[in-house]
Asker: 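My structure is below; once you've seen it, I'll send some questions.
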Amino acid sequence: MKRSEIAGILAQPKLNEVVMVMGWVRAFRSNRFIALNDGTGMKDLQIVVDFEKFPEDLLSRIKYHACLKVSGMLVESQGAGQTVEITAQSIEILGESNPDEYPLQPKRQTMEFLRENAHFRMRTNTFSAVFRIRHAIAYAVHKYFSDKGYYWMHTPIITGSDAEGAGEMFRVSTLDPENLPRTEDGGINWKEDFFEKATNLTVSGQLQAEIGALALGKVYTFGPTFRAENSNTSRHLAEFWMIEPEVAFNDIFDNMDLAEDFVKYLINYVLTNLPDDLEFLDKRIQEEEKNLPADKRRPMGLIQMLRFVVDNDFARITYTEAMELLRNSKDFKKGRFQFEPVWGSDLQAEHERYLVEKEFQKPVIVRDYPKDIKAFYMRGNEDGKTVAAMDVLFPYIGEVIGGSQREERHDVLLNRMREMNIHESELWWYLDLRKFGGAPHAGFGLGFERMVLFITGMGNIRDVIPFPRTPGSAEF
RNA sequence: GCCUCCUUAGCUCAGCCGGUUAGAGCGGCGGACUGUUAAUCCGUAGGUCCAAGGUUCAAGUCCUUGAGGAGGCGCCA
């Protein structure tokens, strides 16, 4: 008999037919009811066992997360928790799971413990929901851009330029670290390395995406990115996935419109397509926050908040306006900020949180930052002091998007690179783009895991990627 | 990189001002139960109190160092 998938059975139950399913035991209650899940969806299928018809030895091996093959009649359920169930005719154990040694249990376990058991954690309700949602968001990214005529561009993972300007890089080398070839002045002779130059893992595909935008018009990247920053927070990974659209002829305002529309599309996609998983995560958060004092709880439930973000326009302000709001705020006047908001210094996390959670109570896009705190490639504004940069700030997680209109004027870009000590020889091709058929263009980077973090409502970015890489941690 | 906190049974935790034989729930094991929804009920086993050193008549509890983990900040997405 052909195997049926549980999600399919629950979506379109064919009552009084014999079906065969395979899956993992989520619970075995009352020596009679097995909750079986095969990963096709949030909901389990209930298997009803008449224990007089099965050998005791078989029943005693039906343990938490054992793998079963079950066939039986699909019937209407007499119980309240489900609409249909299978009356078991045959049960075969495909894979045992000795509960004496198996680390997982059908109970609340900490995220830290599950993280140490990353090879098993996807079998829990929470993580299977998170990773189904992660997939759905990734799919929605491609669907959104493809439907709008963007081309997915594969930018290199190993890069020869060390001026991508987004952080510390991981070196890629085949040289023997015990016996490094030296130059005459004692430095490392990278000419003897695999690529005959020093190479690193990419920190951003943006500069190469600009090449695509100035030929294909609308492109986006979606791939892994690596930053060797020693960041120890719940919002940073050393290896993460980033989405970077880059669009010819767009200015900073088109860029903001794109960012807002795109992010709302992703949230909507999950709301529409994975309601069961979202509902489970929503309830989970409520349970978890029950024990917190009222002021520490989230003001909205997960689904309610996602709807709210989709249904409301993002606030849009300039950096200079943000500074004024912050300096005029009660929080500042009462000395509640650890850092004073001063024009010219970057917005601190506490400032971002104030703008998003107190001032506007919705996502905020801040634009036109001082040029001295932003990257060399961002387009200079008329005032000579600011650049056409934008950050999209979200509740709980802060910055999800950073982007800008790019400097398309060759001379201006060259001057800026010289001011910031970036060697022209490193980025000759990037300057060439402005010399030959240059065009205004803009783009941004969306941190994929930060988006997953926001949509799932999880608390730590390490729990929305299957195998997190963070300082001091690369297990699995 | 900086600051703070944590580490006690397989898991989640309690253990008060240093004082007898270290406690609970869940899980395991044995038993009961044919409509359960993290099933329930009865019984039972299970401990290098993270490691090393120190203070003390006495250390899970205090001190020092180390290891692992978490949270916050910075950097950013």
Asker: Check whether the side chain of A/Arg450 and the base of B/rC76 form a donor-acceptor pair under 3.5 Å.
Answerer: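 Yes, the side chain and the base share a sub-3.5 Å donor-acceptor pair.
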
Asker: Counting only distance, no hydrogens or angles, is the base of B/rU37 paired donor-acceptor with the side chain of A/Gln82 under 3.5 Å?
Answerer: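 Flag set: donor-acceptor pair detected.
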
Asker: Does the pair A/Asp372 and A/Arg416 meet the rule for a salt bridge (Lys or Arg N to Asp or Glu O under 4.0 Å), with working shown?
Answerer: CA-CA 10 Å; A/Asp372 292 332; A/Arg416 195 74 191 122; 3.7 Å; yes

Asker: Among B/rC29, B/rC76, B/rG74, which nucleotide has an atom closest to any side-chain atom of A/Lys63?
Answerer: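 Among B/rC29, B/rC76, B/rG74, the one nearest the side chain of A/Lys63 is B/rC29.
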
Asker: Measure from NZ or CZ of A/Arg26 to the centre of the six-membered ring of A/Tyr64 and say whether it is under 6.0 Å with the direction within 45° of the ring axis.
Answerer: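 No, A/Arg26 and A/Tyr64 do not form such a contact.
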
Asker: Taking any heavy-atom pair under 4.0 Å as a contact, classify A/Arg26: base, sugar-phosphate, or nothing.
Answerer: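 No contact.
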
Asker: Checking all strands, does A/Lys53 fall into the base, sugar-phosphate, or nothing category for heavy-atom contacts under 4.0 angstrom?
Answerer: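 It contacts nothing in the nucleic acid.
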
Asker: Within 90° of 0 counts as syn, otherwise anti: where does B/rC17 fall?
Answerer: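 What B/rC17 shows is a syn base, its glycosidic angle lying within 90° of 0.
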
Asker: Quick one: are the ring centres of A/Tyr220 and A/His142 less than 6.0 Å apart?
Answerer: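 A/Tyr220 vs A/His142: aromatic centres under 6.0 Å.
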
Asker: Of the listed nucleotides (B/rC76, B/rC11, B/rG71), which one gets closest to any side-chain atom of A/Asn460?
Answerer: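 The listed nucleotide nearest to A/Asn460's side chain is B/rG71.
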
Asker: From the list B/rU36, B/rC11, B/rG69, which nucleotide is the closest neighbour of the side chain of A/Lys107?
Answerer: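 When the side chain of A/Lys107 is considered, B/rC11 is the closest of B/rU36, B/rC11, B/rG69.
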
Asker: Looking across every strand, which nucleic acid part, if any, lies under 4.0 Å from A/Asp100 by heavy atom: base, sugar-phosphate, or nothing?
Answerer: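 A/Asp100: backbone/sugar contact only, no base atoms under 4.0 Å.
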
Asker: Mind checking what makes side-chain contact (heavy atoms from CB on, under 4.5 Å) contact with A/Ala209, not counting sequence neighbours?
Answerer: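 Result, side-chain contact (heavy atoms from CB on, under 4.5 Å) vs A/Ala209: A/Val219, A/Thr221, A/Glu246.
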
Asker: NZ of A/Lys283 versus P of B/rU37: gap in Å, rounded?
Answerer: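 Rounded to the whole Å, the gap is 15 Å.
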
Asker: Looking for any heavy atom pair under 4.0 Å, which part of the strands does A/Ser77 touch: base, sugar-phosphate only, or nothing?
Answerer: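 Contact class for A/Ser77: base.
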
Asker: Of the candidate nucleotides B/rC33, B/rA70, B/rC75, which contains the atom at the shortest distance from the side chain of A/Ser231?
Answerer: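 Selected nucleotide (nearest to the side chain): B/rC75.
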
Asker: Side chain of A/Asn230 only, please: which of B/rG1, B/rU36, B/rG71 is the nearest?
Answerer: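 Nearest to the side-chain atoms of A/Asn230, counting from C-beta on, is B/rG1.
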
Asker: For B/rA77, is there a stacking contact with A/Phe448, counting only centres under 5.5 Å and planes under 30°?
Answerer: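 The base of B/rA77 is not stacked with A/Phe448 (the test needs centres under 5.5 Å and planes under 30°).
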
Asker: In terms of the angle between their ring planes, are A/Tyr269 and A/Tyr139 parallel, tilted or perpendicular, with boundaries placed at 30° and 60°?
Answerer: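 Taking A/Tyr139 first and then A/Tyr269, their aromatic rings sit tilted (interplane angle of 30° to 60°).
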
Asker: Answer with base, sugar-phosphate or nothing: what part of the nucleic acid does A/Gly445 contact at a heavy-atom distance below 4.0 Å?
Answerer: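 The residue A/Gly445 makes sugar-phosphate contact but no base contact.
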
Asker: What is the nucleic acid contact for A/Phe113, judged by heavy atoms within less than 4.0 Å: base, sugar-phosphate only, or nothing?
Answerer: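 The answer is sugar-phosphate, as A/Phe113 gets under 4.0 Å only of primed atoms, P, OP1 or OP2.
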
Asker: Could you tell me whether the side chain of A/Gln78 has a donor or acceptor atom within less than 3.5 Å of a complementary atom in the base of B/rG35?
Answerer: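 Looking at the base of B/rG35, it does pair with a donor or acceptor on the side chain of A/Gln78 (distance under 3.5 Å).
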
Asker: Calculate, to the nearest 0.5 Å, the distance between atoms CD1 and CD1 belonging to A/Ile91 and A/Ile93 respectively.
Answerer: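 One finds 8.0 Å between CD1 of A/Ile91 and CD1 of A/Ile93.
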
Asker: Could you write nucleotides 41-51 of chain B as a row of B, S and -, 5' to 3', where a protein heavy atom under 4.0 Å of any base atom gives B, of only sugar-phosphate atoms gives S, and otherwise -?
Answerer: -----------

Asker: Of all the choices, B/rC75, B/rA77, B/rA39, which nucleotide is nearest to the side chain of A/Arg29 once you look at every atom?
Answerer: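 Nearest to the side-chain atoms of A/Arg29, counting from C-beta on, is B/rA39.
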
Asker: Quick one: which of B/rC29, B/rC73, B/rU37 gets closest to the side chain of A/Arg353?
Answerer: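 For A/Arg353, the side-chain atoms sit closest to B/rC73.
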
Asker: Fill in the dot-bracket string of RNA chain B, one character per base: . for unpaired, | for a pair to another strand, ( ) or [ ] for pairs within the strand, taking Watson-Crick or G-U pairs under 3.5 Å.
Answerer: (((((((..((((.....[...)))).(((((.......))))).....(((((..]....))))))))))))....

Asker: Pick base, sugar-phosphate or nothing for A/Gln109, based on heavy-atom distances below 4.0 Å to the nucleic acid.
Answerer: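 Touches sugar-phosphate only.
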
Asker: Would you name the heavy atoms of A/Val203 and A/Arg227 that are closest together and state the gap between them?
Answerer: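 Minimum heavy-atom separation between A/Val203 and A/Arg227: O-NH2, 2.7 Å.
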
Asker: Can you classify the ring geometry of A/Phe454 versus A/Phe394 as parallel (below 30°), tilted (30 to 60°) or perpendicular (above 60°)?
Answerer: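 Perpendicular.
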
Asker: Measuring from the side chain of A/His236 (C-beta onward, heavy atoms only), which nucleotide among B/rU36, B/rG10, B/rA77 has the closest atom?
Answerer: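 Ranking B/rU36, B/rG10, B/rA77 by closest atom to the A/His236 side chain puts B/rA77 first.
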
Asker: Using the closest heavy atom to pick a nucleotide of RNA chain B for each, name whichever of A/Pro99 or A/Asp50 lands nearer the 5' end.
Answerer: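 Going by which nucleotide is closer to the 5' end, it is A/Pro99.
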
Asker: Could you state the CZ-C1' distance from A/Phe28 to B/rU40, rounded to the nearest angstrom?
Answerer: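 It is 15 Å, rounded to the nearest whole Å.
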
Asker: Compute the ring centroids of A/Phe240 and A/Phe226, then answer whether they are less than 6.0 Å apart.
Answerer: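 That pair fails the under 6.0 Å test.
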
Asker: For this output row, return yes or no: ring centroids of A/Phe262 and A/Phe145 closer than 6.0 angstrom.
Answerer: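 Yes; A/Phe145 has its ring centre under 6.0 Å from that of A/Phe262.
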
Asker: With a non-hydrogen cut-off below 4.0 angstrom, is A/Gln105 in contact with a base, only sugar-phosphate, or nothing?
Answerer: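 Contact class for A/Gln105: base.
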
Asker: Using the P atom in both, what is the distance from B/rC57 to B/rA52, to the nearest Å?
Answerer: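 My reading of the P atoms in B/rC57 and B/rA52 gives 23 Å.
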
Asker: For the residue pair A/His351 and A/Phe339, is the inter-centroid distance of their aromatic rings smaller than 6.0 Å?
Answerer: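 Between A/His351 and A/Phe339, the centre distance exceeds or equals 6.0 Å.
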
Asker: As a test of reading the structure: which of B/rG74, B/rG69, B/rG71 is closest to the side chain of A/Phe339, going by heavy atoms?
Answerer: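 Comparing B/rG74, B/rG69, B/rG71 against the side chain of A/Phe339, the answer is B/rG74.
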
Asker: What about A/Glu85, does its side chain sit under 3.5 Å from the base of B/rU37 through a donor-acceptor pair?
Answerer: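 Not at all, since no donor on one side and acceptor on the other fall under 3.5 Å apart.
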
Asker: In whole angstroms, how far is the C1' atom of B/rG28 from the CZ atom of A/Arg61?
Answerer: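 Rounding to the nearest Å, CZ of A/Arg61 and C1' of B/rG28 are 18 Å apart.
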
Asker: When rounded to the nearest Å, what value does the distance between C1' atoms of B/rC49 and B/rU44 take?
Answerer: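 Looking at atom C1' only, B/rC49 and B/rU44 are 23 Å apart.
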
Asker: Which part of the nucleic acid, if any, lies within contact of A/Gln348, taking any heavy atom under 4.0 Å across all strands shown: a base, the sugar-phosphate backbone alone, or nothing?
Answerer: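 Sugar-phosphate contact only.
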
Asker: Any base atoms under 4.0 Å from A/Glu52, or only sugar-phosphate, or nothing? Heavy atoms, all strands.
Answerer: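 Base: the residue A/Glu52, judged by heavy atoms under 4.0 Å, touches a nucleobase.
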
Asker: Using the C1' atom on both, measure B/rA59 against B/rG71 and round to a whole Å.
Answerer: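 Going atom to atom, C1' in each nucleotide, I get 29 Å.
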
Asker: Between A/Gly459 and A/Leu104, name the one whose nearest nucleotide on RNA chain B is closer to the 5' end.
Answerer: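 Comparing both residues, the 5'-ward one is A/Leu104.
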
Asker: Closest to the A/Asn232 side chain: B/rG72, B/rC26, B/rG35?
Answerer: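 Minimum distance to the A/Asn232 side chain belongs to B/rG72.
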
Asker: Whether the side chain of A/Arg227 and the base of B/rA77 hold a donor-acceptor pair under 3.5 Å is what I'd like checked.
Answerer: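 For A/Arg227, whose side chain was compared with the base of B/rA77, there is a donor-acceptor pair (under 3.5 Å).
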
Asker: Can A/Asp261 and A/Tyr144 be counted as having a side-chain donor-acceptor contact under 3.5 angstrom?
Answerer: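 Yes, A/Tyr144 and A/Asp261 have a side-chain donor paired with an acceptor closer than 3.5 Å.
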
Asker: Considering all heavy atoms of both residues, which atom of A/Val263 and which atom of A/Met451 are nearest to each other, and what is their separation?
Answerer: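 Scanning both residues completely, I find the closest heavy atoms to be CG1-CE, 3.7 Å.
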
